[in-house]
Amino acid sequence: MYNLTKGALDEIMNGVDIKKPVLQILGYKKIPSSINTDDRYRLLLSDGDRLNSFTMLVTHLNHLITNNSLTQYTVCKILNYALTSVNNNGKERRIMLILDIEVLFPGNEVGYKIGNPTNTDNKSRLEYVTTSNTSTATSCQTSNSTIEKNILNHDTSSTSFYINHSISTIPIAILSPYQNRWIIKARVTNKSAIKTWSNSRGEGKLFSMDLIDESGEIRCVAFNQQCDNFYHLIDVGNVYYISRCKLKTANKQFSTLKNDYEMTITDDTMISPCHKNCDNIPMQQFDFCPISQVESKEQNNLIDVLGVVTTFNDIQHITQRTTGKELIKRDINLIDDSGAMICVALWGKEAEDFDGFNNPILAIKGARVGEFNGGKNLSLINSSVLKKDPDIPEAHKLRKWYAAANHLENVKFLSRSSGGDFNTPLYTFREMTEAQLGGKLNFTDLYKVVATINLIRVENSVYKACPIDSCRKKLIDQSTGIFRCEKCNKDYPNFVYRLLANMNIADATGNRWVIAFNEVAEKILGISAQELGELKENDNDDYMEKLNEANFKRFIFSLRVKSEVFQDEMRIKHTCTSVVPLNYKTHLTYLIDEVSKVVHIEKLESN
DNA sequence: CCCCCCCC
């Protein structure tokens, strides 16, 4: 009824590569773990003849235990495993590390122990084992040092020396601070730039890289001298033999890599390129989260996404508030077949060099989830990896999806920019009036309009305001260096400049008088309230010129309609709540599904 | 030994 691969366990423990053995689970045990590390599970396996409990599940398969997929009597196929050894009270013990497993028959369906398996004897553990297949990597105390000398002291030109040898490497998944004298064979999937730091504990430089093999992944950091020694030897995408790094507990806060540890390069570390038999070492691994699901992710979560670039903004120069540091940022919009679109922030050189034309596909590992204006967004952080047009099946699938029509219909926009609100309609002035008359637009509703500034009223565009945050009323200048606030009923020696831009803006269908205050007015005028106030004080011509510069500027205005009674007359007031500059380079990120309308307006205006 | 990820 159930065909187990009889005799497989003994053979596996003796280093014979058994392809996909079928085994029965007779039990499992949680291995006590230290704080901050994942639990490890040890399985009791049977091949029908023999029992063996020196088997371990790789931690990223722990969910199979917790979701009860690997219960007693389960018959499963071991799709991939690695043989390794651990130090067990001074004795070397071979361990079968299960890297991938498929349940053939659930335990409750099988319901009994197959055959009458007996304990394997786990002796002869120190003999050297050759393996022709690197998937059954082995580690053996006695042979390691010789191999290390042979392979790692060679310069890169003579790497062919060891290519066909069975090098005793261990899987990344079992690296721990308690393992020494190991070698791993791993692919570098990401390499940071060299970074310098300076703090109370000292200063220095470092670079880090992400390493991956069949069993797992780990971050590796090189400081100072080692940073200089190794930085130029490492190429992203290549496979290396790496030995003798120091392991320490990883700080999960800064990395998405699935490993409890990270490693530091030491004086003794040796790194040697491996050019052959690397096909089994995986490339970058992603765990893509559908964009629609980002909505329910918590702030600061690190996630992987795959999406098509629909639009991208110009770079922005930003001053970091806390440090005054100049930052370069670029926002791009990603869409995927989950029907959602999200704004992703790139920083620094990555932002500067980014080319988003022709709708590239981006795979991003470890982007940070942020919240703004009630929406969600993503931001690349130091440890994030950005891959453009990756050659992976998911990307090809997404490309096909994007090439088909309708992908921008019914898109859910997860991000809210400060400029435009996706939820507000884009109207022409005529449409806005019709909407009001038709009862579609309430008097408190926001709407957007693409318009040009005809004229800014010069009078009162900048004024001296009450320094009290909650007041901000226009002060009466006593001409004695004392300013009176009638609202507070107080005199102040100081004031703050505030802006009030009273503008006439027009599109092809009409025009309106609108008012923009402070931050929004600063954006429109391209000058801070303080600067404009000083300009007005010092040089009226410069002040006038600055204001006139704003004429004929084009924006997407977000406007709020408000009615008020003024001198017994009902008036409608339009307040500008935000603006997005419209220039030929700006991609209208927030207007994806309304681009045709913008184009339509532009045509009208050019007539 | 480092990086807590920037801005609207």
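In what follows, every chain begins at residue 1, and chains take the letters A, B, ... in the order their sequences are listed. Predicted model, so just to flag it, every value in this text is computed and none were measured.
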Whole angstrom value for the distance that separates [atom2] of [N] from [atom1] of [X]:
X         : N      : atom1 : atom2 : result
Glu203(A) : dC3(B) : CD    : C1'   : 17 Å
Glu371(A) : dC5(B) : CD    : C1'   : 16 Å
Trp347(A) : dC8(B) : CH2   : C1'   : 9 Å
Leu247(A) : dC1(B) : CG    : P     : 13 Å
Gln226(A) : dC1(B) : CD    : C1'   : 11 Å
Phe207(A) : dC3(B) : CZ    : C1'   : 16 Å
Asp331(A) : dC6(B) : CG    : P     : 12 Å
Lys325(A) : dC3(B) : NZ    : P     : 10 Å

Reckon [X] has a side-chain N or O less than 4.0 Å from the OP1 or OP2 of [N]?
X         : N      : answer
Ser383(A) : dC3(B) : no
Arg330(A) : dC7(B) : no
Arg368(A) : dC6(B) : yes

Looking for any heavy atom pair under 4.0 Å, which part of the strands does [X] touch: base, sugar-phosphate only, or nothing?
X         : value
Glu262(A) : base
Asn224(A) : base
Lys205(A) : nothing
Lys248(A) : base

Per [X] side chain, nearest of listed nucleotides [options]:
X         : options                : answer
Ser379(A) : dC6(B), dC2(B), dC8(B) : dC6(B)
Phe372(A) : dC1(B), dC5(B), dC8(B) : dC8(B)
Ile318(A) : dC7(B), dC3(B), dC5(B) : dC7(B)

Centroid distance under 5.5 Å and plane angle under 30°, Phe223(A) vs dC1(B):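 Stacking between Phe223(A) and dC1(B): present.
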Residue met sooner reading DNA chain B from 5', once Thr196(A) and Leu380(A) are mapped to nucleotides: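 Looking at DNA chain B, the more 5' nearest nucleotide goes with Thr196(A).
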Between Trp182(A) and Thr169(A): side-chain donor-acceptor atoms closer than 3.5 Å: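 Checked: Trp182(A)/Thr169(A) side chains show no N/O donor-acceptor pair below 3.5 Å.
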Any donor-acceptor N or O pair under 3.5 Å, side chains Gln225(A), Asn229(A):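 Note: Gln225(A) and Asn229(A) side chains meet the donor-acceptor criterion.
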Salt bridge (Lys or Arg N to Asp or Glu O under 4.0 Å) partners for Lys573(A), two or more places apart: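 Lys573(A) satisfies salt bridge (Lys or Arg N to Asp or Glu O under 4.0 Å) with Glu564(A) only.
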hbond_proxy Lys329(A) side chain to dC7(B) base (donor-acceptor, 3.5 Å cutoff):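 Present.
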Donor-acceptor contact present, side-chain Ser272(A) to main-chain Tyr241(A), <3.5 Å: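 Side chain of Ser272(A) to backbone of Tyr241(A): no pair is present.
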Heavy-atom closest contact (Tyr543(A) atom, Ser461(A) atom, distance):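 Here Tyr543(A) and Ser461(A) meet closest at OH-OG, 2.7 Å.
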Show which side-chain atoms of residues 290-297 of chain A pair as donor or acceptor with protein atoms under 3.5 Å away, not counting sequence neighbours.
residue, atom, partner, partner atom, Å
Ser292(A), OG, Ser338(A), OG, 3.4
Glu295(A), OE1, Lys412(A), NZ, 3.1
Glu295(A), OE2, Lys412(A), NZ, 3.2
Ser296(A), OG, Gln293(A), O, 3.1

